[in-house]
Amino acid sequence: MRYLPLTDTDRADMLARIGVGSIDELFADIPEAARLKGLVDLPRRKGELEVERHLSRLAAKNVAAGSVPFFVGAGAYRHHVPATVDHLIQRSEFLTSYTPYQPEITQGTLQYLFEFQTQVARLTAMDVANASMYDGSTGTGEAVLMAHRVTRRTKAVLSGGLHPQYRAVVEGLSGMADDTVVALPADPTGTEDILSRIDDDTSCVVVQSPSFYGQLIDLKPIAEKAHAHGALLIAVFTEVVSLGLIEPPGAQGADIVVGEGQSLGNGLTFGGPYVGLFATRQKYVRQMPGRLCGETVDAEGRRGFVLTLSTREQHIRREKATSNICTNSGLCALAFTIHMTLLGEAGLTRLARINHANAVKLKKLLAAVPGVEVLNSAFFNEFAVALPKVADHVVEALADRGILAGVPVSRLEPRNKDLANLLVVASTEINTDEDRAAFAAALREVLA
Amino acid sequence: MTMNTQGRPTAPGEPETSFRPKTFTGNRGLDMEEPLIFEIGRTDTTGVDLDEPAEFAPELGAHARSAPIGLPGLAEPEAMRHYVRLSRNNYAIDSGLYPLGSCTMKHNPRLNEKMARLPGFGDIHPLQPLSTVRGAVELLAELGDWLMELTGTAAIALSPKAGAHGELCGMMAIKAAHTAAGRDPKIVLVPDSAHGTNPATAALLGYRVVAVDARDDGTVDVAAVRAAIAAHAGDVAAIMLTNPNTCGLFERDIVAIAEAIHATDAYFYCDGANFNAIVGKARPGDLGIDAMHINLHKTFSTPHGGGGPGSGPVVLSQRLAPFSPLPFVRKTADGPVLVETEAGLEPGERPFGRMTAFHGQMGMFVRALAYMLSHGADGLKQASEDAVLNANYVRVGLQDLMSLPFGERPCMHEVLFDDTFLKDTGVTTLDFAKAMIDEGYHPMTMYFPLVVHGAMLIEPTESESRAALDLFVATLRDLVMSAKRGETERFTGAPYLAPRRRLDETRAARAPVLTWTPPAPAEVSPQAVE
């Protein structure tokens, strides 16, 4: 086996040195009855070429996003990632290192985590950020639990503009912990009355902007009402590029900001791995879940970085920890931070403007298709449209024409018949004028 | 004297061992200092060519950003150099032996990376029509089949994002099963030797954690489990047990423990972090477990990436199978289908909810499957055997000098020493670990498991050759002898030769500096960095 350096001679010599007659003597603690006598019922080893053939065959059964006009978003976005990003994250020293438990020989990881934390804090206009979560959805669940710890209350109010799968993650966690979740009905246009749902029992209000449906939400009045009742505002975003153009949640009074960072540096990969962004106010830092990197000095007074405030974490606090999380999305955070560094503020701002401009163009084209109504008044690179037909069928028909057209809301909200005709459409810098024209023309055809 | 290719002598001349130049840059030859991007980048610099959109008529309502962000950029060559220089300050499994116990730092084959980057895997959206991702769903099914077969279990939840997330998933399934049966037990039994994630997970779900003592031999006694069950009669929801355990030992009473747990209507959660020791040798399902997460990054070699991403699929017994969270793969005559919402359920399926948006760590699934296909049933068994062989080889090579807390018995894939051998030397476990860095090794896991004083947990994995192990053992023997000879300076000041000397972790925690802030104006002078 090409990955195993020991030879049979080595094995025999080593067993002799250990003083056992056979390898199975080293497994003697496993109950005899449970020990496998032969091989498990699975194929034998394959050479590199065979493995490539097998997996390439499976991959070829999928339609790669880059091969067609592509308008699918709803929490994951296709952007162009500079070649430098993938090259750098594949450097052995980044790719094949572990959690930086020995800071003297993991300064590379620690320094980029410190840079990542600073970038995220600035993007969101918050005081501090952690060194990443698994993804935006699980980060949102953690944010709600954190709000429960901070406020010592257990009722979370979720906006109807929150991504339905994020809502499901929060409901699952809270339900298991016997906490209360008040989830407002789907809100495609951003007109829900969330203020009236905030009371003195509320621990937090969770609001996504741009919403799942693309609508930009004014967070300020929600923050004010929440704070007046001693509750926290958790602001969620799934498209980090939007922060290059819109007012950051920190400037609107958010107490915890959580988002998906996949857009920068990370591919779509069918939903994972992604990278969760998580930021908060300085006063809540010890209640924050996840890993934190901090600056310090070494024995010679040189600046260095270490993992810090670990007394909040599971390996020290065990059942009293702020979270059970013991890892982050280190490599995805690295991809994020490299892409962000390549963009810089000038590049991010321009990228955001291109995304928005493309979405505006697309909106105009789609709105001109008979029977199509665009629902959002203010949006970034994604918006909801009401179709005269069931959206799921339309998307399938468009896929048959070689266009991946967006996400039918019914895919995530199958039980709400009112949403059956809604389609969420995203546009990024990858879309060309030809892509948009093809989409609009095909839609016109399918709806005719 | 050696000669270079031009034939000129390359001997350095008379050794001047005490002289070390104080460099202007702070660099030490190839060991280069690298500032933060905030110190070298500018907000008007970018390494990406993007044109301003020709027409820009925003439809942002009143939501346009009102203030600058403060994000520096670097041109592409600057960015390349910045991150390459940072990378050189990292130890990695590709650069040397990484014997971090319980973390399983094995070789990360690059074939796996290549496969994960096929556009048909890397460039597909989780919500594009299912008719356009049939191969992806097939891959989920195939990966699931491998993992269920290797563990001898009935169902699998693929979506958990990491080992600890898998624990949460497994315990949520257990809680859902209790609720469905009209029960509400409040206690979870967890041995003291467990990973900290186990008690944290139980507590997150509102359970009270009750510790179970281990025997003197480092394993859990079924009598202790029975006693705990009796002490909390009818109120035990589950036991969370790691097997092989964190002392590097196989829990010999596991079948009896499973029976005792099942007799009280509770469930057996197995922490599968150490599954790599027994793949192909025994199946956890045959031992009576109800749920177990599998750290794909450990057992199936997906790269750790400086702390993630991980992936923690959970296998479930027949009893827990109905509660597997959404989404899951259902086998049909027309091939596997992905069930994403409750609207798609069939009778008997009672998922407890959803662990994450989307379907889990597809990128990791491809890598893990590539690894499993490459090894096959025969290679996976061989890998487990080699991992255990290597750990025992290290044990035998060191057991006369270092102290084994549970005596000279065979271990599984990792060997646990304690610091008794350092007694009266003036060298601490931490010092010893830091001295290993000067020898070019990543230290072993220290101070874990907590049940052993000054624990040192060494996991060489199957990736190491005999020659590499021999050098490692010889190095540790030299360090031990050095400590015993009273050469404390080699340890207490270590590391001397790393990119940084020992870092002040207390200072970092006392007054945390978690983001970069500009220096006070008087100090601004990036050129004068010394």
Side-chain angles (χ1 to χ4, degrees), chain A residues 1 5 10 29 34 39 42 44-45 55 58-59 61-64 72 88 91-93 96-99 104-105 107-109 118 134 137 165 168 172 216 246 269-273 294-296 298-299 304 308 314-315 318-319 321 324 327 329-331 342 344-347 350 357 378 407 414, chain B residues 43 46-48 50 53 61 63 71 73 83 86-87 89-94 115 118-120 123 125-127 129 132 135 161 196 199-201 203 209 250 286 304-309 343 353-354 357-359 361-363 373 376-377 379 410 465-466 498 500-501 503-504 508 513 515-516:
Chain A
M1 209 291 136
D10 288 333
D29 282 345
L39 294 178
L42 289 164
R44 298 290 189 108
R45 72 186 69 175
L55 291 174
L58 283 181
K61 292 186 184 181
N62 303 319
V63 177
V72 187
L88 285 169
R91 276 187 69 89
S92 287
E93 304 88 334
T96 76
S97 60
Y98 198 74
T99 302
E104 295 85 2
I105 48 170
Q107 283 298 300
T109 297
T118 306
Y134 305 139
S137 66
Q165 292 177 333
L216 291 168
I246 66 170
T269 56
F270 204 44
E295 183 183 320
T296 187
D298 78 350
T308 194
Q314 37 73 31
H315 60 270
R318 298 174 79 81
E319 66 264 38
N324 77 331
T327 187
S329 280
L331 201 70
L342 282 165
E345 180 151 348
R350 213 169 291 158
V407 179
Chain B
T43 54
T46 180
V48 177
L50 292 167
H63 300 277
L71 289 168
Y83 289 103
L86 289 193
S87 75
N89 289 332
N90 260 10
Y91 197 90
I93 184 63
D94 284 354
M115 294 299 95
L118 291 172
D123 191 25
H125 192 287
L127 295 175
T132 64
K161 294 251 160 190
T201 298
V209 174
F250 192 89
D286 299 340
H304 291 55
R354 174 175 272 278
F358 313 132
H359 324 305
Q361 309 284 62
M362 180 68 170
L373 291 168
S465 69
R466 187 180 177 191
R500 282 291 177 272
R501 297 289 303 281
L503 285 147
D504 188 346
V513 178
T515 53
W516 184 80

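What's counted below: heavy atoms across the whole structure, side chains too, no hydrogens, waters or symmetry copies. By convention in this document, chain letters (A, B, ...) are assigned in the order of the sequence lines, proteins followed by strands, and residues within each chain are numbered from 1. Keep in mind that what you see is a predicted model, and the values were worked out from it rather than measured.
- Heavy-atom minimum distance, B/H63 versus A/A378: CD2-CB, 4.2 Å.
- Counting all heavy atoms, side chain and backbone alike, B/L503 lies closest to A/Q107 at CD1-NE2, 3.3 Å.
- When the candidates A/E295, A/Q314, A/E104, A/R44 are compared by the number of heavy-atom contacts under 4.5 Å with chain B, A/E104 comes out ahead.
- When the candidates A/G347, A/S137, A/A168 are compared by the number of heavy-atom contacts under 4.5 Å with chain B, A/S137 comes out ahead.
- Counting heavy-atom pairs closer than 4.5 Å to chain B, the top residue among A/G304, A/S329, A/A321 is A/S329.
- From A/T269, atom OG1 reaches atom CZ of B/F358 across 10.5 Å, with rounding to the nearest 0.5 Å.
- When all heavy atoms of A/N62 and B/G135 are compared, the pair lying nearest together is OD1-N, 2.8 Å.
- For a residue to count as touching a neighbouring chain, one of its non-hydrogen atoms must lie under 4.5 Å from one of that chain's; by this rule B/L127 touches chain A with backbone and side chain alike.
- Here A/A64 pairs with A/S67, B/P119, B/D123 under the side-chain contact (heavy atoms from CB on, under 4.5 Å) rule; sequence neighbours left out.
- Here NZ of B/K161 is found 10.5 Å from OH of A/Y134. Values are rounded to the nearest 0.5 Å.
- Comparing B/A377, B/G73, B/P410 by how many heavy-atom pairs each has under 4.5 Å with chain A, the most go to B/A377.
- Rounding to the nearest 0.5 angstrom, the gap separating the OG1 atom in A/T96 from the CD1 atom in B/I93 is 7.0 Å.
- Note that CG of A/L342 and OG1 of B/T46 are 7.5 Å apart. Values are rounded to the nearest 0.5 Å.
- Of the listed residues (B/L50, B/L118, B/D286, B/T201), the one with the most heavy-atom contacts under 4.5 Å to chain A is B/L50.
- Atom OG1 of A/T327 is separated from atom NE2 of B/H304 by 8.5 Å, given to the nearest 0.5 angstrom.
- Among the candidates B/A203, B/P129, B/S87, the residue making the largest number of heavy-atom pairs closer than 4.5 Å to chain A is B/S87.
- Listed options A/V407, A/L39, A/V72, A/D10 were ranked by heavy-atom pairs under 4.5 angstrom with chain B; first place goes to A/V72.
- Ranked by heavy-atom pairs shorter than 4.5 Å toward chain B, the options A/S92, A/A34, A/A346 are led by A/S92.
- Interface remark: of the candidates B/A498, B/G376, B/G306, B/G308, B/G306 forms the most heavy-atom pairs closer than 4.5 Å to chain A.
- Looking at residues two or more places apart in sequence or on another chain, you find a side-chain contact (heavy atoms from CB on, under 4.5 Å) between B/T43 and A/E345.
- Contact tally against chain A (heavy-atom pairs below 4.5 Å) for B/G379, B/A343, B/A200, B/S465: the top residue is B/A200.
- Nearest heavy atoms, B/A92 versus A/E93: CB-CA, 3.7 Å.
- Closest approach of A/E319 to B/V209, counting heavy atoms only: CB-CG2, 4.1 Å.
- Residues B/N90 and A/G108 come closest through the heavy atom pair OD1-N, 3.1 Å.
- Between chain B and the options A/T118, A/T308, A/L88, A/T109, the largest number of non-hydrogen pairs under 4.5 Å is found for A/T118.
- Considering only heavy-atom pairs separated by less than 4.5 Å from chain A, the leading option among B/G363, B/G353, B/G61, B/P309 is B/P309.
- For B/R500 (side chain) and A/D298 (main-chain N/O), no donor-acceptor pair under 3.5 Å exists by modelled atom type.
- A donor-acceptor pair under 3.5 Å links the side-chain atoms of A/T296 to the main chain of B/D504, judged by distance alone.
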